[in-house]
Amino acid sequence: MDTFVTHRDAAVRALVDNGLISTDQPVVGLLDTDAVKRQVEALHNAFDAIPLTNHTVACKAATMVPILRFLADLGMGCEVASPGEFAMAEAAGFAPEKIVVDSPAKTLPEIEHALEVGAAMNIDNYQEMARLDALMEGRETSAVIGVRVNPVVGTGSIAAMSTATTTTKFGIPIIDDATRTELVDAIVARPWITQLHVHSGSQGVPLELAAEGIRRIIALAEDVNAQAGSAQIDRLDIGGGLTVNFDSDEITPSYHDYADVLKREVPELFSGKYMVLTEFGRSLLAKAGSIATKIEYTKQVGDRRFAIGHAGAQVATRTVFMPEHWPLRVSTYTKEGLPSEAPVMTQDLAGPCCFTGDMIGRDYEVPEYQPEDIALVHDTGAYYFSTPFAYNALPRTAVYAYSADAAGEVAFTQIRKQQTIEELVAESGLDVRL
Ligand SMILES: Cc1ncc(COP(=O)(O)O)c(C=O)c1O
């Protein structure tokens, strides 16, 4: 069996043996740090033909400092999209020059801070560019300033995750010759703009469509440089967005698959003319993570068999609200933490929230759940337990990183404690009287 799967099984068993999943702590997030490390290495290897790179992790995929610190120690940079993410990246120890700020609604203090510490930042629109005009007047800064370009290449399979359409809020769109000329002129007039950024969407964007977006920003860079008569644009930030396969444990497409398409479609990216930044999130972390939940009850409702656990919208928000786009696999473990050998049956896995759509999924063909069994929800290392939703006053769940040795011995490090009910009540405004 695949080491990753063996280690995941060992981690579930070790959760039980160490009392880390229980009535008091019925749902936990798990992250296999060896699997994360393998993805970081795969990413660096896939793009190693480019002389100068900064592979950043999209902070939004895992807004937890220990995970970010682990990635910083592995040589990654960090893409941030809010003041909170910026602060987390700094607290995690990313050097400012390894941070790239992509917030869509940057405030003046946020921009000032990036300029002060020397982080890179991508301008989203012409009004933001005008703010930078004022701030850059007579200023020395090591900050790299780029422009987010919307190449308008069209939508992937999830409209809400596609960012390269004529109706998206992100970046400066190249809709026609006039908008393109306006952008080239604006950049040439500002020699301090040295980077172009594109991120055509997250999940569901075909590799060729992403490559086409990159092709368009390279063509734009070449036009800017020709008009400027210098290599003004010397950095390309190609964003993230590599699709994750939620159907199986296989990692497909891989970073190598993506790099192969880019080598074929946009060889200039590998020419050494440009430093290249990436901003992957989901593809770095999703497959390394799982959510383990105790099953509290099972019941029959007409012809449907329900298992009711403690993982729902608070840890799997996207799946619960858009089940057609974010289906998740599950497995059954016994209360001792062993893979269940109960007969397979068709079951629905429900969460603890008080609304009917709070389902991890329906029609799972997995060994029959019994109360006290454990359901493991796969591929949830990015944008799931790290991005909790506060509905129904459910506590933020505990999260553990794990690593297993050759003998399958599992070592856990607690990344986040389960929020206590007292903390939850206090945070809700306990001290306030109206
Ligand atoms: C600008 C930007 N970069 C990178 C990412 C990360 O995308 P993914 O997690 O799909 O790799 C996102 C996701 O929304 C994004 O908006």
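Both counts, for ligands and for their atoms, begin at 1 and track the order of listing. Note that the numbering runs from 1 along the sequence shown for the chain.
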Colleague: Checking the N or O distance criterion of under 3.5 Å, is ligand 1 in contact with Q203?
Modeller: no
Colleague: Would R215 and E212 pass as an ion pair if we require N to O under 4.0 Å?
Modeller: yes
Colleague: Ion pair present between D102 and R148, side-chain N to carboxylate O less than 4.0 angstrom?
Modeller: no
Colleague: Taking the six-membered ring where the residue is Trp, are the ring centres of Y364 and Y369 under 6.0 Å apart?
Modeller: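 When the ring centroids of Y364 and Y369 are compared, they turn out to be at least 6.0 Å apart.
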Colleague: Hey, would you say the F170 and H199 ring centroids sit under 6.0 Å apart?
Modeller: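 No, the ring of F170 stays outside the 6.0 Å limit from the ring of H199, centre to centre.
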Colleague: Does E79 pair with K60 as a salt bridge, N-O distance under 4.0 Å?
Modeller: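 Salt bridge flag = yes for K60 with E79.
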Colleague: What is the nearest protein non-hydrogen atom to atom 7 (O) of ligand 1, stated with its residue, atom name and distance?
Modeller: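 I find the closest protein heavy atom is S202 OG, 3.1 Å.
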Colleague: Return yes or no for this condition: an N or O of A58 is under 3.5 Å from an N or O of ligand 1.
Modeller: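 Among all N and O atoms of A58, none is under 3.5 Å from an N or O of ligand 1.
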Colleague: For E182, what residues pass the side-chain contact (heavy atoms from CB on, under 4.5 Å) criterion, not counting sequence neighbours?
Modeller: Y126
Colleague: Enumerate the atoms of ligand 1 whose separation from the nearest heavy atom of E79 is less than 4.0 angstrom.
Modeller: 1 (C), 2 (C), 3 (N)
Colleague: Write down the atom of I251, the atom of Q39, and the distance for their closest heavy-atom approach.
Modeller: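 Heavy atoms only, the tightest pair is CD1-OE1, 3.7 Å.
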Colleague: State whether the shortest distance between N or O atoms of G281 and N or O atoms of ligand 1 falls below 3.5 angstrom.
Modeller: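 By distance alone, the answer is yes.
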Colleague: Could you find the nearest protein heavy atom to atom 5 (C) of ligand 1 and give me its residue, atom name and distance?
Modeller: H199 CE1, 3.4 Å
Colleague: Taking only heavy atoms of D102, which atoms of ligand 1 are found under 4.0 Å from at least one of them?
Modeller: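 Listed by number with element, the hits are 1 (C).
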Colleague: By number and element, which atoms of ligand 1 are closer than 4.0 Å to a non-hydrogen atom of F280?
Modeller: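 Those of ligand 1 that fall under 4.0 Å from F280 are 11 (O).
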Colleague: Do R282 and ligand 1 have an N or O pair less than 3.5 Å apart?
Modeller: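 Yes, since at least one N or O of R282 sits under 3.5 Å from an N or O of ligand 1.
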Colleague: Looking at W192 and D133, what are the two nearest heavy atoms and their distance?
Modeller: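 So the minimum-distance heavy-atom pair works out to CZ2-OD1, 3.1 Å.
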Colleague: For ligand 1, is there an N or O atom under 3.5 Å from any N or O atom of E279?
Modeller: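 Yes, there is a polar N/O contact under 3.5 Å.
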Colleague: To check your reading of the model: name the closest protein heavy atom to atom 8 (P) of ligand 1, its residue, and the distance in Å.
Modeller: G241 N, 3.5 Å
Colleague: Can you list every pair that meets ring-ring contact (aromatic ring centres under 6.0 Å, His included) and has a residue in residues 203-256, with sequence neighbours left out?
Modeller: Y255-F280
Colleague: Could you tell me, atom by atom, which parts of ligand 1 come under 4.0 Å of a heavy atom of R148?
Modeller: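 The atoms of ligand 1 under 4.0 Å from a heavy atom of R148 are 1 (C).
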Colleague: What atoms in ligand 1 come closer than 4.0 Å to a heavy atom of G240?
Modeller: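 In order of number, 4 (C), 11 (O).
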Colleague: Counting only nitrogen or oxygen atoms and a 3.5 angstrom limit, does Y383 reach ligand 1?
Modeller: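 Indeed, backbone or side chain, Y383 has an N or O that close.
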